[in-house]
Protein chains: 2
Amino acid sequence: MKIGQATIKDIAKELNVSSSTVSRALKDYPGISDETKRKVKEVADKLNYRPNAIALSLRKSRSFTIGVIIPEVVHFFFSTVISGIEEVASSRGYNVILTQTNESLAREKSSLDTMLSNQIDGFLISFSKETTDFDHFSKLLDYGYPIVFFDRIPDIPNAISVMIDDYQGAYNATSHLIEQGYTRIAHLAGPKNLNISKERERGYREALINHGLKVYPEFIIECPFGTNEEGFKATEYLIKKINLKPDAIFANNDMAAVGAMLACKAEGLKIPEEMGIVGFSNWQFCSIIEPSLSSVSQPGFKIGEKATSMLLDMIEKKLDPDTITAPIVLETELLIRKSSVRLSS
Amino acid sequence: MKIGQATIKDIAKELNVSSSTVSRALKDYPGISDETKRKVKEVADKLNYRPNAIALSLRKSRSFTIGVIIPEVVHFFFSTVISGIEEVASSRGYNVILTQTNESLAREKSSLDTMLSNQIDGFLISFSKETTDFDHFSKLLDYGYPIVFFDRIPDIPNAISVMIDDYQGAYNATSHLIEQGYTRIAHLAGPKNLNISKERERGYREALINHGLKVYPEFIIECPFGTNEEGFKATEYLIKKINLKPDAIFANNDMAAVGAMLACKAEGLKIPEEMGIVGFSNWQFCSIIEPSLSSVSQPGFKIGEKATSMLLDMIEKKLDPDTITAPIVLETELLIRKSSVRLSS
DNA sequence: ATCGTTAACGCAAACGATTGCATAAAAAAG
DNA sequence: CTTTTTTATGCAATCGTTTGCGTTAACGAT
């Protein structure tokens with residue numbers, strides 16, 4: 001005998017009325033006498049009645065639940081996005097079902113499946129690094145299923161997505177390094193199949209070109225996992241193995257940037273004097289490490305908020321997906337700290 | 001016309017059989033001819049049939065969904081716990097519904113309510129800092145509702161909980177400082193209403209006493225929010241305003257410890273020579289800040305795993321809650337780094 | 001006295017799947 | 001060729017709610 005399991009029928013029985021009357025009374029429908037409404041509500045209270053959302057979902061084929069699929073929870077950026085999602089969803093009366101794919105395509109697909117089984121009203125997705133083919137998404141889109149992609153967005157024509165301006169963020173970061181007098185700027189790039197990596201690299205390249213600097217291919221090293229070990233190795237390589245030593249590094253993510261910092265320290269290179277470093281994501285630790293790390297801040301919370309409110313608008317038909325033709329782009333902010341400032345201004 | 005909306009009835013119609021036959025065929029029940037089974041499965045495949053989990057939930061009054069209520073998502077420890085929860089739940093075929101309370105009691109209660117409405121099979125809870133009265137939990141427990149508390153555990157006799165050994169963790173951290181020759185060890189404490197704070201403070205106190213040191217009340221400063229600003233202020237106060245200056249700080253959490261480090265740097269105190277510092281939680285940044293911060297590592301992922309597997313066992317009646325009389329306690333690990341080592345060993 | 005109107009409520013189907021109990025047809029036993 | 005058993009399938013209720021439509025009784029109008 002579990003709690004809250006009193007049903008409309010129980011109330012009906014207690015008062016010798018029909019379930020329809022109870023249902024209507026609870027919702028203040030017209031055509032029910034005030035007296036009955038009063039009694040019904042009283043008994044509902046007494047029995048600790050709680051509407052069965054499952055029954056409601058079945059009836060309305062709406063679950064008031066949205067599904068979130070992300071690569072991993074333990075990641076500063078994603079956790080802030082989740083936070084934004086949860087805030088908006090719960091304030092608008094929706095539940096959030098969460099799964100992480102751990103960057104596995106198989107899990108992404110199975111998550112999609114079980115969520116569909118659960119009559120999810122819509123999806124919020126940032127796909128895995130393994131995902132290169134978007135058929136499983138476009139099928140759903142074709143059927144008019146509400147989906148909003150965020151951060152990592154697929155190359156599907158009619159997909160709705162919310163992203164940050166990776167290009168501009170990278171451009172600003174690189175320009176900042178250039179303005180600080182660094183001229184041989186290397187780039188620790190992200191995995192090639194993610195658009196965000198490509199965009200950041202593009203921002204890096206164009207900033208160099210627009211400032212009259214040359215792009216050296218050997219200065220661009222891919223760090224697909226984004227760990228500090230990777231950043232460490234890449235930086236050691238840059239310092240030791242290359243003829244033209246770089247004097248600054250723009251990293252695709254903060255962890256790699258930290259790896260770069262550690263490598264510099266190990267090699268006795270002073271930051272920012274001999275090596276300027278800028279990261280990407282503005283993880284919490286950026287401001288507290290030594291020297292503090294300049295980084296491009298991604299508005300994770302805002303992304304979550306925006307993506308969710310768009311999704312809910314689509315679900316509630318307040319927003320026609322066809323009116324959205326381009327991805328929503330949120331601005332980044334370059335946070336300049338000690339690791340990249342060597343000019344007294 | 002949404003995808004996956006083909007129902008058992010659609011399959012039945014297509015083959016001119018009854019829904020019961022289809023249902024049984026899909027589940028390989030005996031008493032259905034192999035021929036029929038084959039056909040049913042074929043059509044199911046063709047129509048992209050996906051069982052409606054909602055209908056199933058209603059029928060079985062089981063939702064195969066567990067509810068997670070935590071103070072906040074953007075927190076290294078909690079995000080690792082979530083990760084552990086999600087792994088176990090999804091591997092055992094359960095969904096995870098997530099809400100954060102932002103440390104508000106009101107939101108905690110309303111989350112509880114909507115989850116109950118959604119026929120959640122069980123709860124995983126770490127309650128808010130505002131929560132001092134546990135009636136809303138004990139009501140559910142009395143009704144036999146499966147709940148596992150983690151990290152922050154309530155003082156209810158029959159509550160099942162998974163926690164870490166905060167006392168021992170704090171004891172070890174403090175002992176380590178003592179062994180390093182620090183004698184005037186201060187403590188940045190957590191909010192008084194959380195058991196974990198009390199336990200950590202107790203570990204700190206007893207370590208001092210057992211090593212023949214005195215406990216100075218003025219050395220214990222409460223940092224209820226656990227921010228680095230708070231830690232900064234508390235440490236400045238300790239350094240400047242107190243007659244007997246401490247030579248080490250054991251902080252209730254890493255952020256406060258970082259605040260303490262910054263305050264020491266601002267005051268020109270060398271770490272670890274003039275001030276030893278140990279934190280709690282082992283946030284990611286501990287190993288990459290300068291000097292690296294010694295910290296007590298909490299096995300967040302394991303907590304999530306353990307709590308979830310216990311909850312699912314209870315839900316599936318594989319585990320009788322009455323056989324569990326004491327909280328499950330997981331061991332911490334003291335990670336010794338530079339911030340607290342001044343003896344060459 | 002009869003008719004129309006309105007207020008207040010009940011009936012029953014529907015959402016999708018499961019399942020105990022019938023039932024029909026086919027096969028085996030007599 | 002019956003009778004019994006087996007095999008394969010269908011019926012209908014159920015989970016908790018909602019809702020279109022019908023029903024009843026009371027009331028005022030004619």
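Letters A, B, ... are given to chains in the order of the sequence lines, protein chains preceding strands, and every chain is numbered from 1.
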Footprint string (nucleotides 15-28 of chain C, 5' to 3'): B base within contact, S backbone only, - free, heavy atoms under 4.0 Å: BBBBBB--------

Sugar-phosphate, base or nothing in reach of A:Val17, heavy atoms under 4.0 Å: sugar-phosphate

Sugar-phosphate, base or nothing in reach of B:Asp10, heavy atoms under 4.0 Å: nothing

Touch class at under 4.0 angstrom, heavy-atom based, for A:Asp34 against every strand present: nothing

Ring centers of A:Phe149, A:Phe137 separated by less than 6.0 Å: yes

Between B:Gln100 and A:Ser83: side-chain donor-acceptor atoms closer than 3.5 Å: yes

Degree of bending in the helix from C:dA1-D:dT30 to C:dG30-D:dC1 once both end axes are built from five pairs, to 10°: 70°

Pair B:Glu42 + B:Arg38, salt bridge at N-O below 4.0 Å: yes

Least distance between heavy atoms, A:Lys9 atom then A:Ser19 atom: CG-OG, 4.2 Å

Donor-acceptor pair between B:Glu87 and A:Asn102 side chains, under 3.5 angstrom: yes

Check ion pair A:Arg107-A:Asp113 (N to O, under 4.0 angstrom): no

Ring center gap for B:Phe127 and B:Phe134 short of 6.0 angstrom: yes

Pi-cation contact, B:Phe150 with B:Arg152 (under 6.0 Å, within 45°): no

Touch class at under 4.0 angstrom, heavy-atom based, for A:Thr36 against every strand present: sugar-phosphate

Test salt bridge (charged side-chain N to carboxylate O under 4.0 Å, His left out) applied to B:Asp121 and B:Lys60, B:Arg62, B:Lys317, B:Arg92, the passing residue: B:Arg62

No-hydrogen, no-angle side-chain donor-acceptor test under 3.5 Å, A:Asn195 and A:Asp155: no

Along DNA chain D, first and last positions that approach a heavy atom of chain A under 4.0 Å: D:dC15 to D:dG20

